[in-house]
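Below is one structure, written out as C-alpha cells; comments come after it.
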Amino acid sequence: MSAGTGVSAASITPVVVRLKLSLLRNGLRQSAGRRAAFIASTVLVLLFAALQLLGLIALRGNEHAEAVGVLLTVILALGWAVMPLFFPSGDETLDPTRLVMLPLRPRPLVRALLAASLVGVGPLFTFCLLLGSVMAVAHGAAAYATAVVALVLALLVCVALARAVAAANIRLLSSRKGRDLAVLSGLVVAVGAQLVNFGAQRLGSAGGLSELDPVTDVLRWIPPASAVGAVDSVSDGSYGAGAVQLALCAAALAGLLALWSRHLTRLMTSPDGSTLQAAEPAAKERGPSGLARLLPAGRTGTVMERSLRYVWRDPKTKAAWVTSLAIGLIVPVFNALQGTGSVYFACFAAGMLGIQMYNQFGQDTSAFWMVALTISSTRDAYVELRGRALALLLITLPYATLVTTLTTGLLGAWGKLPEVLGLSFALLGAMLATGAWSSARFPYSIPQEGYKNVAPGQAGLAWIAIFGGLISAALLASPVIALTIWLNVSADGDRWTWLLLPVGAVYGALITLLGLKLAAPRTAGRLPEILTAVSKG
C-alpha cells in the first residue's frame, strides 16, 4: 500500500496470505465432490512426497547422492517455471492484474505474494523433496547449517521463478491465444515421459548413475541446484566452493525478485486494451494472402482454409493435432533410438493423423449450421468432405514422409523406405475414407469448455465412430498389407518391394475418393441429425 494511506508495508503480507487461504477455502465450499477430490489428491501427493523424502534420506553415504539431489532440484525448478504457462488458471493469485486498482507498491506486493506462494500443496511437496536432497548430502555440523540456508534459498528460487514467469506472460496467458499454450502440456508430458523412459534405459545399460556425474558437475553450479551443491561442497570441506554456490543461488533469487518487481511495475502502471480506445485503421480491400493464395479456387479452397484455421486457432482442435503429431513422431523415433523398434512403426504417424478425419463436423460444434446452409445437394456435400480431406493431407503427407524417412534412417533400413511409405499412404487413404463416412453416420459434439472431448451421453457414439472406423480402415488397407507380407516372405520378393510405394499411393487415393463418394449422400441426407448431434455441447 502507498505510504500516504498510513498503513505499513509489512501489513500487506498477512492480508495477501489470508486472501490465498480464503480463495482455497471458498473453492472447496463449491461442492462436496471438489472437496473429496482435493483431499484425495492432497493425501496422495503428500504420501508420494513422504516416500520420496525417505528414499532420498536413504541415499545418505551413497556416492551418487549428490547427482540425484542436483538433478531432482533442476527438475523441480523446470516444473515451477512451466507451471504458469500450462495452468494459468490454477492459482488466481498468479494474476497481479486483479490488484492494479489498489494503492499497492510493487516491492511490498512482491514480498506479500512471495509469502502467499508458499501456501499450498505444491510448495509443501517441493519442500519435502528439497529437504531430502540436502539431507542426503549433508555430513557434519557445518553442512547441516548450510543445508538450512540452502533449503530456504532453493524453495524461494522455485517459487520466485514461477511468479516471474507468470508476471512476464500474464497479458498473454489471460488472452485466448495465451490459453492455447495449455495445448503444449500434452506434448511436453508425452515427450517428457519418453525422455525419462529413454534415459532410464540408457542408465540401466551403460553403467548406472555414474553416467550422471558429468552432467551433475555442471548443474551443481546452476541455481537452484547450486544450493544442493553447496551442501555437498561443505560436507567435503570445500567451504569456499560452498560459499560461491550459495552466493549464486542468492543472486539468482535477487535477480528473479527484481525481474518480478519490474514486471509488476509495468503491469500496474501501463495501460492495456481495456483502458485505451482501440483505433483501428480503416479496413482495406485485400485479396487472398499467405497460404490462401496457394489453395484451389472455389469452395474447395475455402473449406481447406477454414479447416486449417481451425487447426491453428481452435484450442480443442489444436490440442488433438499437437497430441497426434507428437505421438506419431515419438513412438517410431524413440523406439528406433532404443534399438528395439521396427521400421513399420513409422506407419503410426499416418495412423495418428488419420484419426483427425473422424468426427469432422463435431469439430465445428454449433457453428456447423452455417456450413449446413451451404449444402443443398450431394455434390455440395462431396466438395465439403473433399476440402476437409485435402486440408488434412496437406499436413499429413509431408509429415508421414518425414517420420518414415527419419525412422528408416535411424534404423539403417533405407531399402524399406518405399514399402513403408506405400503402406502408410494406403492406411491413410483407408482412414480418410472411413473417417468421412463415420463423420456423417456417428457425429458427436466436442465441448468447448473444460477438458472433455465428448459431450455427456455421446461417449458410445465416440467409441463406435473411432474404433469401428479403425477396424474398418485396417480391413480396407488389408490388400496392401497382404501384398507387403507376401513380397517380404517370397524368395525374390525383395526385388519388387519398391512397387509398394506407387501401389500404396494409388490405392490410398482411390479408396479415399470412394469413401468420399459414399459419404456424400449420407451427409446431405442427414444434415438435421448431424446439426443436432454436434450442437449438444
Side-chain angles (χ1 to χ4, degrees), residues 288 290-314 317-318 320-329 332 346-364 371 381-407 417-418 420-440 466 469-470 472-474 476-477 480 500-520 523:
L291 181 62
R293 292 182 298 180
L294 305 177
L295 299 178
R299 177 166 185 150
T300 299
T302 302
V303 174
M304 292 179 65
E305 184 177 3
R306 184 181 70 233
S307 298
L308 294 172
R309 286 184 184 274
Y310 276 158
V311 173
W312 181 251
R313 294 183 177 182
D314 180 64
T317 306
K318 184 187 294 186
W321 273 91
V322 168
T323 303
S324 296
L325 288 168
I327 297 178
L329 176 66
C347 297
F348 208 78
M352 287 302 300
L353 294 191
I355 293 177
Q356 303 307 317
M357 189 63 187
Y358 294 84
N359 197 35
Q360 277 291 308
F361 307 127
Q363 298 175 10
D364 297 352
V371 177
Y382 172 75
V383 176
E384 175 73 25
L385 290 170
R386 185 181 63 185
R388 293 173 184 249
L390 288 174
L392 190 145
L393 288 172
L394 195 63
I395 301 174
T396 305
L397 286 179
Y399 175 79
T401 303
L402 174 63
V403 173
T404 303
T405 304
L406 183 59
T407 304
L417 180 60
V420 178
L421 269 180
L423 192 58
S424 295
F425 294 157
L427 176 62
L428 178 60
M431 296 188 73
L432 292 179
T434 57
W437 188 88
S438 178
S439 296
I466 295 177
L470 291 177
S472 301
L476 287 177
V480 179
L500 289 170
L501 177 55
V503 168
V506 173
Y507 182 83
L510 292 177
I511 204 69
T512 299
L513 292 175
L514 179 60
L516 296 177
K517 289 286 186 181
L518 294 176
T523 301

If you compare all heavy atoms of [X] against all heavy atoms of [Y], which two are closest, and at what distance to 0.1 Å?
X: A440; Y: A519; answer: CB-O, 4.3 Å
X: A400; Y: A349; answer: CA-CB, 4.4 Å
X: A346; Y: V420; answer: CB-CG1, 3.9 Å
X: A350; Y: L428; answer: O-CD1, 3.9 Å
X: R386; Y: T300; answer: NH2-OG1, 2.9 Å
X: A426; Y: V480; answer: CB-CG2, 3.7 Å

side-chain contact (heavy atoms from CB on, under 4.5 Å) assessment of L476 paired with M431
CA-CA 9 Å; L476 287 177; M431 296 188 73; over 6 Å; no
Between T396 and L432, does the side-chain contact (heavy atoms from CB on, under 4.5 Å) criterion hold? Intermediate values first, please.
CA-CA 11 Å; T396 305; L432 292 179; over 6 Å; no
With a 4.5 Å cut-off on side-chain heavy atoms, are [Y] and [X] touching?
X: L390; Y: V303; result: no
X: T404; Y: S424; result: yes
X: L308; Y: I395; result: yes
X: W312; Y: T317; result: no
X: F361; Y: T523; result: yes
X: W321; Y: L392; result: yes
X: L353; Y: F348; result: no

Looking only at atom types and distance, does a side-chain atom of [X] sit under 3.5 Å from a main-chain N or O of [Y], one as donor and one as acceptor?
X: R388; Y: S307; answer: no
X: T512; Y: G429; answer: yes
X: Y399; Y: L325; answer: yes

Nearest-0.5 Å distance that lies between atom [atom1] in [X] and atom [atom2] in [Y]:
X: K517; Y: L385; atom1: NZ; atom2: CG; value: 11.5 Å
X: C347; Y: L427; atom1: SG; atom2: CG; value: 6.5 Å
X: L421; Y: T405; atom1: CG; atom2: OG1; value: 5.5 Å
X: L393; Y: M357; atom1: CG; atom2: CE; value: 8.5 Å
X: T302; Y: L295; atom1: OG1; atom2: CG; value: 9.0 Å

L513 vs Y382, test: side-chain contact (heavy atoms from CB on, under 4.5 Å). Steps then yes/no.
CA-CA 10 Å; L513 292 175; Y382 172 75; 3.7 Å; yes
Pairs where residues 348-357 contributes a residue and the test side chain to side chain donor-acceptor pair (under 3.5 Å) is met, not counting sequence neighbours:
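Listed by first then second residue: S324-Q356.
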Under 3.5 Å, is there a donor-acceptor pair between the T434 and Y358 side chains?
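Indeed, the side chains of T434 and Y358 share at least one donor-acceptor pair under 3.5 Å.
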Take L397 and F425, measure what side-chain contact (heavy atoms from CB on, under 4.5 Å) needs, and give me the verdict at the end.
CA-CA 8 Å; L397 286 179; F425 294 157; 3.7 Å; yes
